[in-house]
Amino acid sequence: MTQLRTRFAPSPTGYLHIGGLRSALYSYLYAKKNNGKFILRIEDTDQGRYVEGAVEIIYKTLHDTGIHYDEGPDVGGDYGPYIQSQRKNEYMHYAKQLVESGHAYYCFCTEERLQSLPDVNGARRYDKHCLHLSKEEVERRLNAGEKFVIRQNMPTTGNTTYHDAVYGDITIENSELEDQILIKSDGMPTYNFANVIDDHLMGINCVMRGIEYLSSTPKYNLLYDAFGWERPMYIHMPPIMKDAQHKLSKRNGDASYEDLIKKGFLKDAIINYIALLGWSPKDDSEKMSFDELKAKFDIAGINKSPSIFDPVKLAWLNSLYIKEMTPEEFANYATPWIDNCYLKDFDKALVCKLIQSRIETFEEIEDKLRFLVEFPPFENSLYDNQKQKTNADTAREVLPLVKEKFSKVRKWDNEHLYQALVKLAEELGVKNGKVLWPARIALTGLAATPGGASEVAELLGKKETLHRLDVAIAQLQ
């Protein structure tokens, strides 16, 4: 049996978009599940859109996420070079072969003539004008140095059918296929031509890509047929949507992998979530390690329906991974966020202990703990809590006693501070919440905070804690 060979062929036009990363992930998982090879190829034929440094971003992202390719520009392999611009001569050779067999032809039409073609619903369809030039005329114009492109000669009758592993049999009327350009006027191949040649020469026998290529695949198959090559297996993936009407798009500035990392998402959570955008395992599990993804991935689980990128679900999934981190792992990862704001002045171990189980992304750390340095006046109505049976009157009674208890605490840590508050509740003959709630409100001025009164007090330190209690008590008068 022929070894399965999949590929990821991104264009170096910026950061690696979520849709592109999903294509790479699925292609990698499917190859590994079937003991196959996963190949990286850089498709840089559109030099006008090339972004400096984008290739390095692709390498870094795939390495960071564990999507390790068996062959590629920076790791080598037997089918290189793996950068399209370095294979330029290959494409012209095959294009001329198609011209000789009648499946392609030279086109010398000027931009002015192309613009004069009938505009049908915003698109101008090429009319095969140059197909009928004699061989002698073509030679004369080539020798004269006229600019040309090479176009594919599409059939005008009948239809083309192929099978997709997700969407089943797809049939396109040949009359709908325009004579696409194979070689541009600068001598570079178009994407549509180069990817067919490269896939064949690199032994790619399984092509996984977005659904936007579903209707154009017959063009590729006609090229395979013209050369007498075996068509690959096709697996088209559903689109990732921003909402019900709009696709997630790199061109529209939607999230890339780098963006999500900068926002404080963990790579394992990102990969886990991206895997679920268009696929689900048989057991419907959601949180899966990379090894579990490799074990569970099956193309039968790829959906036909679009998937909506849900930042809320990604954040929830990310929080599960954060909670699983060891204190050391969390502290190491959180350090940049802590060091880049006021939190660097606090005990990092205490900051991490307080926040780890209470955030969904690392980006939240600064805002969630802003109350440690900002303590503006607040409404006394915050003391109202029906469940704890507290209000401003309760706080007026309890807070002076809290201050008294805290002032006597010798070892300023969460354990001893909490014991002092519980002891006060016991002495007053009330439930703990009747003391804990007003104490936390008095120290933070917020209805919701990560951590209770004793945890906050430990971070604030004795001097600031007693000062805030004084302010809160005065505000109640």
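Other residues, nucleotides and ligands contribute more than 12 heavy atoms inside 6.0 Å of the CG atom of Asp243. Within a 6.0 Å radius of NZ in Lys462, other residues, nucleotides and ligands contribute more than 12 heavy atoms. No more than 12 heavy atoms of other residues, nucleotides or ligands sit less than 6.0 Å from atom NZ of Lys263. No more than 12 heavy atoms of other residues, nucleotides or ligands sit less than 6.0 Å from atom NZ of Lys60. Within 6.0 Å of atom CD in Glu379, 12 or fewer heavy atoms from other residues, nucleotides or ligands are found, so the atom counts as exposed in its surroundings. Environment of NZ in Lys353: sparse, with no more than 12 heavy atoms of neighbouring residues, nucleotides or ligands closer than 6.0 Å. Within 6.0 Å of NZ in Lys431 there are 12 or fewer heavy atoms belonging to other residues, nucleotides or ligands. Other residues, nucleotides and ligands contribute only 12 or fewer heavy atoms inside 6.0 Å of the NZ atom of Lys389.
Salt-bridge formation is detected for the pair Arg358/Glu455: a Lys NZ or Arg NE/NH1/NH2 atom is positioned less than 4.0 Å from an Asp or Glu carboxylate oxygen. One finds a salt bridge joining Asp283 and Lys296 here, because a Lys/Arg side-chain nitrogen approaches an Asp/Glu carboxylate oxygen to under 4.0 Å. Between Arg468 and Glu464 there is a salt bridge, since at least one side-chain N of the basic residue sits less than 4.0 Å from a carboxylate O of the acidic one. Contact check on Glu324 versus Lys287 returns a salt bridge, with a Lys/Arg side-chain nitrogen under 4.0 Å from an Asp/Glu carboxylate oxygen. Taking the charged nitrogens against the carboxylate oxygens, Lys348 and Asp339 have no contact shorter than 4.0 Å, which rules out a salt bridge. Using a 4.0 Å cut-off between a side-chain N of Lys or Arg and a carboxylate O of Asp or Glu, Asp367 and Arg370 qualify as a salt bridge.
Glu43 and Asn195 share no side-chain donor-acceptor pair at under 3.5 Å. Between the side chains of Asp44 and Ser85, at least one donor-acceptor pair of N or O atoms lies under 3.5 Å. Side chains of Asp470 and His467: no donor on one and acceptor on the other come within 3.5 Å. For the 3.5 Å distance criterion, the side chains of Asp169 and Tyr162 fail to qualify, holding no donor opposite an acceptor. Ser307 and Arg22 share no donor-acceptor pair across their side chains, judged by distance under 3.5 Å alone. Neither side chain, Asp64 nor Tyr59, offers a donor N or O lying under 3.5 Å from an acceptor on the other. Residues Gln475 and Asn380 have side chains that bring a donor and an acceptor to within less than 3.5 angstrom of each other. Residues Asn192 and Gln180 have side chains that bring a donor and an acceptor to within less than 3.5 angstrom of each other. A donor-acceptor contact closer than 3.5 angstrom is absent between the side chains of Ser381 and Asp384. Between the side chains of Thr161 and Thr171, at least one donor-acceptor pair of N or O atoms lies under 3.5 Å. Under 3.5 Å, the side chains of Thr335 and Asn332 contain no donor-acceptor pair of N or O atoms. Judged by distance alone, the side chains of Tyr30 and Asp298 never bring a donor and an acceptor atom under 3.5 Å apart.
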*side chain to side chain donor-acceptor pair (under 3.5 Å) between Thr217 and His236, worked out*: CA-CA 10 Å; Thr217 295; His236 286 90; 3.3 Å; yes
Next item on the list: Check step by step if salt bridge (Lys or Arg N to Asp or Glu O under 4.0 Å) holds for Lys408 and Glu404.
Entry: CA-CA 7 Å; Lys408 294 177 181 178; Glu404 182 182 343; 3.4 Å; yes
side-chain contact (heavy atoms from CB on, under 4.5 Å) between Ile235 and Val207, intermediate numbers included: CA-CA 6 Å; Ile235 303 174; Val207 173; over 6 Å; no
Chi angles and distances behind the side-chain contact (heavy atoms from CB on, under 4.5 Å) call for Ile270, Leu317
CA-CA 9 Å; Ile270 297 171; Leu317 195 59; over 6 Å; no
TODO: Check the pair Leu382 / Leu446 against side-chain contact (heavy atoms from CB on, under 4.5 Å), numbers first and verdict last.
DONE: CA-CA 7 Å; Leu382 285 175; Leu446 298 171; 5.8 Å; no
Practice problem: Before giving the answer on salt bridge (Lys or Arg N to Asp or Glu O under 4.0 Å), spell out for Glu286 and Lys313 the whole-Å C-alpha distance, their side-chain angles and the decisive distance to 0.1 Å. | Solution: CA-CA 10 Å; Glu286 292 189 301; Lys313 184 169 182 179; 2.4 Å; yes
- prompt: After noting the C-alpha distance and the side-chain angles of Lys262 and Asp259, does the key distance pass the salt bridge (Lys or Arg N to Asp or Glu O under 4.0 Å) rule?
  reply: CA-CA 5 Å; Lys262 289 174 182 176; Asp259 292 330; 5.4 Å; no
Go through it in stages, so that I can follow the logic: the residues are Asn272 and Asp268, the test is side-chain contact (heavy atoms from CB on, under 4.5 Å), and I'd like the CA-CA distance, side-chain angles, deciding distance and then a yes or no. CA-CA 6 Å; Asn272 188 162; Asp268 290 341; over 6 Å; no
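For the atom pair Ile261 CD1 and Thr361 OG1, the distance stands at 11.5 Å (nearest 0.5 Å). To the nearest 0.5 Å, atom CG of residue Leu21 and atom CD1 of residue Ile274 are 4.0 Å apart. Note that CG of Leu25 and CG of Leu293 are 6.5 Å apart. Values are rounded to the nearest 0.5 Å. Rounded to the nearest 0.5 angstrom, Asp164 CG and Ile170 CD1 are separated by 6.0 Å. Distance check: Lys323 NZ to Ser319 OG gives 4.0 Å after rounding to the nearest 0.5 Å. A distance of 8.5 Å separates CD1 of Ile42 from CG of Asp74, quoted to the nearest 0.5 Å.
For the pair Arg7 and Tyr82, the NZ or CZ position fails the cation-pi test of under 6.0 Å to the six-membered ring centre and within 45 degrees of the ring normal. Because its NZ or CZ atom is not both nearer than 6.0 Å to the ring centre of Trp412 and within 45° of the ring axis, Arg410 does not count as a cation-pi partner of that residue.
No close placement of the Trp279 and Tyr26 rings is indicated, their centers lying 6.0 Å or farther apart. Aromatic ring centres of Tyr234 and Tyr167 lie farther apart than the 6.0 Å criterion allows. Annotation: Phe330 is in aromatic contact with Phe362 [ring centroid separation under 6.0 Å]. Aromatic rings of Tyr220 and His200 (six-membered ring for Trp) have centroids beyond the 6.0 Å cut-off, not under it.
When all heavy atoms of Tyr91 and Pro189 are compared, the closest pair comes out as CD1-CG, 3.1 Å. Between Leu436 and Ala453, the closest heavy-atom pair is O-CB, 4.0 Å. Pairing each heavy atom of Lys411 with each of Val409, the nearest pair is O-CG1, 3.3 Å. In terms of heavy-atom proximity, Asn318 sits nearest to Leu266 at OD1-N, 2.7 Å. Across all their heavy atoms, Cys206 and Leu4 have their closest contact at CB-CD1, 3.6 Å. Here the shortest heavy-atom pairing between Thr190 and Ile181 reads OG1-O, 2.8 Å.
Here the side chain of Gln477 pairs a donor or acceptor atom with the backbone of Ile473 at under 3.5 angstrom.
Relative ring orientation between Tyr342 and Phe346 is described as perpendicular, the plane-to-plane angle rising above 60° on a 0-90° scale split at 30° and 60°. Ring geometry for Tyr273 versus Phe309: interplanar angle over 60°, hence perpendicular rather than tilted (30 to 60°). In this structure, Phe38 and Tyr28 have perpendicular ring planes: the angle between them is above 60°, well past the 30° mark.
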